[in-house]
There are 2 protein chains.
Amino acid sequence: MVQAKKSFDSFFKSAFTVDNVIFGFDDGKLKVLLIRRNEDPYADFWALPGYFVQQHEDLDDAAQRVLRETTGLENVYLEQLRSFGAPGRHEFGRVITVAYYSLVKVADFELHAASIAEEVAWHNVEDISVLAFDHEDIVQVALNRLKRRIRTRPVGFELLPPAFTLTDLQHLYEAVWEVDLEKRNFRKKFLSMNLLRDLGRSQTGVAHRPAKLYSFDEKRYRELEEEGFNFEMKEGKRK
Amino acid sequence: MVQAKKSFDSFFKSAFTVDNVIFGFDDGKLKVLLIRRNEDPYADFWALPGYFVQQHEDLDDAAQRVLRETTGLENVYLEQLRSFGAPGRHEFGRVITVAYYSLVKVADFELHAASIAEEVAWHNVEDISVLAFDHEDIVQVALNRLKRRIRTRPVGFELLPPAFTLTDLQHLYEAVWEVDLEKRNFRKKFLSMNLLRDLGRSQTGVAHRPAKLYSFDEKRYRELEEEGFNFEMKEGKRK
DNA sequence: ACAAAAGTGTTCGTACTACACCCATGC
DNA sequence: GCATGGGTGTAGTACGAACACTTTTGT
């Protein structure tokens with residue numbers, strides 16, 4: 001057996017990393033959290049938060065760790081995308097990366113931003129251009145996944161604060177799908193899923209009729225997460 | 001720079017493999033191609049075809065290679081699922097595996113079966129129990145992916161012979177989804193997509209009215225592959 | 001003529017679309 | 001009182017669900 005093992009030694013010369021596409025939603029726009037690298041390769045480039053996986057660390061745990069180290073957040077939505085492993089993608093040797101994406105509430109993040117050493121910043125998805133490694137590809141895959149996910153699972157709430165208006169929710173869908181939706185139909189359909197809980201409160205201090213605040217019903221959320229749903233909607237007319 | 005690299009050496013001690021869930025459809029049942037391992041670890045266990053990725057080999061290429069070596073097939077449908085990397089999943093060291101699944105036509109495979117050394121066999125999906133490593137988990141993930149994919153993309157054809165009947169196609173959906181579907185609605189909906197081409201031929205030698213044979217329209221296939229579709233259908237009454 | 005699967009048409013209900021107006025608040 | 005976004009009701013339509021009978025072949 002030890003002999004059998006010996007013959008495989010040449011394969012045990014690779015490393016792997018996790019990289020995390022952290023999505024946030026703020027100011028009506030979909031954002032991705034990027035760090036500016038302070039070491040080679042790709043020093044000074046913007047990149048996805050990520051790092052080498054420890055020898056005895058589970059992949060999901062490594063992704064959680066990176067998230068904690070970058071944002072101070074724990075227990076957020078995290079899902080593996082897939083791996084990227086083109087030879088030559090990393091100049092130190094063969095490194096494949098396991099890509100994840102997560103959904104966080106931007107407000108929670110602000111509280112812990114101070115704990116970070118490197119430069120960290122939210123970037124509008126539409127403004128992202130050149131990134132380190134193959135990270136642009138990863139962002140693209142993450143974005144496609146998110147577009148499908150919010151149609152299929154009630155994950156949108158992970159991006160919204162604990163109390164939000166129907167218009168906030170609609171703006172989120174519009175930002176992710178890059179479309180405009182028809183207000184009445186959006187509300188009707190979303191409310192008919194019984195997923196929203198009317199908090200009985202309203203906005204204050206706005207220069208117009210204040211909107212009702214909602215949270216989502218956790219029990220119903222889990223039901224729908226199980227069975228999945230199909231939230232489709234035709235694009236409305238451009239405003 | 002060389003010094004910077006040095007400090008990362010401890011990470012370059014891992015290996016990775018590709019494993020492939022090869023789906024086939026025969027005799028009205030969904031099948032997975034398994035090999036019986038002839039070396040440790042897990043000697044004599046049934047397992048997914050897979051092997052270590054070479055140092056300068058792309059992940060997709062490695063998956064293609066495994067497919068070629070196991071089945072003799074090339075140019076088949078292949079898609080990455082995700083990676084599995086629990087520490088301790090492989091007794092030789094840290095090995096993460098990048099899982100793929102592919103869709104093949106069982107008839108094509110039979111022709112090349114002789115080229116394989118180990119025992120290779122199709123197993124009904126429902127009969128798969130204990131497999132090597134974490135391969136049961138991988139099969140489960142592949143199965144869930146396939147269930148969603150045939151609702152979303154016209155990939156079902158990859159599993160069918162070049163000429164098939166509508167009933168064949170219906171049986172495929174029924175096998176993958178594990179439901180019974182209503183004949184008339186299935187036909188109406190599928191035909192309305194303009195995806196099928198009537199070959200003008202029929203079955204011969206069957207003891208009942210012969211069914212028309214269809215192939216799929218490649219141009220329309222690619223269109224729908226781009227834009228995606230949503231083929232949903234309520235379960236019909238049990239027969 | 002009988003068995004066995006192929007094939008087809010219609011009604012009903014529901015859910016999505018499209019559309020225009022009144023309401024509550026801040027300034 | 002006016003500007004700003006919040007909030008609602010309805011008619012038309014299109015598509016999915018449910019359902020039963022006729023057709024073509026082999027034996």
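Every chain is numbered from 1, with letters handed out A, B, ... down the list of sequences.
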Just how far, in rounded Å, is [atom2] of [N] from [atom1] of [X]?
X        : N      : atom1 : atom2 : value
A/Met233 : C/dA15 : CE    : C1'   : 11 Å
A/Phe229 : C/dA15 : CZ    : P     : 16 Å
A/Glu235 : C/dT17 : CD    : P     : 12 Å
B/Phe186 : D/dC19 : CZ    : C1'   : 19 Å
B/Arg151 : D/dG16 : CZ    : P     : 14 Å
A/Lys189 : C/dT17 : NZ    : C1'   : 11 Å
A/Leu191 : C/dC16 : CG    : P     : 13 Å
B/Arg187 : D/dA18 : CZ    : P     : 18 Å

Show each protein N/O and nucleotides 10-14 of chain D N/O combination with a separation under 3.5 Å, one pair to a line.
residue: D/dT10; atom: O4; partner: A/Lys188; partner atom: NZ; Å: 2.7

Requested in this report: Give the ring-plane orientation class for B/Trp46 versus B/His123, where under 30° counts as parallel, over 60° as perpendicular and anything between as tilted.
Outcome: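 Perpendicular.
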Query - Counterpart residues, salt bridge (Lys or Arg N to Asp or Glu O under 4.0 Å), relative to B/Glu225 (two or more places apart) - result: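 Salt bridge (Lys or Arg N to Asp or Glu O under 4.0 Å) list for B/Glu225, sorted by chain: empty.
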Query raised in the report: With respect to the phosphate group of D/dG6, does any side-chain polar atom (N or O) of A/Lys183 fall under 4.0 Å of OP1 or OP2?
Result: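 For D/dG6, OP1/OP2 do not have a side-chain N/O of A/Lys183 under 4.0 Å.
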Query raised in the report: Quick one: is D/dG16 close enough that its OP1 or OP2 comes under 4.0 Å of any side-chain N or O from B/Lys234?
Result: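 So the side chain of B/Lys234 is outside the cut-off, no N or O lying under 4.0 Å from OP1 or OP2 of D/dG16.
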Query - Single hit among A/Leu78, A/Leu59, A/Asn20 for side-chain contact (heavy atoms from CB on, under 4.5 Å) with A/Gln64 - result: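 That would be A/Leu78; it is the only one of A/Leu78, A/Leu59, A/Asn20 passing the side-chain contact (heavy atoms from CB on, under 4.5 Å) with A/Gln64.
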Quick one: which protein N/O atoms are closer than 3.5 Å to N/O atoms of nucleotides 24-27 of chain C? Pair and distance per line, please.
residue: C/dA24; atom: N3; partner: A/Arg209; partner atom: N; Å: 3.0
residue: C/dT25; atom: O2; partner: A/His208; partner atom: N; Å: 3.4

Whether [X] side chain and [Y] backbone form a donor-acceptor pair below 3.5 Å:
X        : Y        : result
B/Asn144 : B/Val141 : no
B/Asp217 : B/Arg220 : yes
A/Tyr173 : A/Ile150 : yes
B/Lys105 : B/Phe157 : yes

Requested in this report: Consider only side-chain N and O atoms of A/Asn124 and A/Glu126, and report whether a donor and an acceptor are under 3.5 Å apart.
Outcome: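 There is no such pair (donor and acceptor under 3.5 Å, judged by atom type) between the side chains of A/Asn124 and A/Glu126.
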**Report entry** Validation row, ring centre A/Phe190 to ring centre A/Phe229 under 6.0 Å
**Finding:**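 No - the distance between ring centres of A/Phe190 and A/Phe229 does not fall below the 6.0 Å cut-off.
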Requested in this report: Using a 4.0 Å heavy-atom cut-off across all strands, classify A/Ser202 as base, sugar-phosphate, or nothing.
Outcome: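 Since no nucleic acid heavy atom lies under 4.0 Å of A/Ser202, the category is nothing.
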Report task. For A/Thr167, report the nucleic acid contact type (base, sugar-phosphate, nothing); a contact means any heavy atom under 4.0 Å. Result ->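 If one applies the 4.0 Å heavy-atom cut-off, A/Thr167 turns out to touch the sugar-phosphate alone, with no base involved.
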Query raised in the report: Which residue lies toward the 5' end of DNA chain C, A/Glu232 or B/Arg184, if each is placed at its nearest nucleotide?
Result: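 Whichever sits nearer the 5' end wins; that is B/Arg184.
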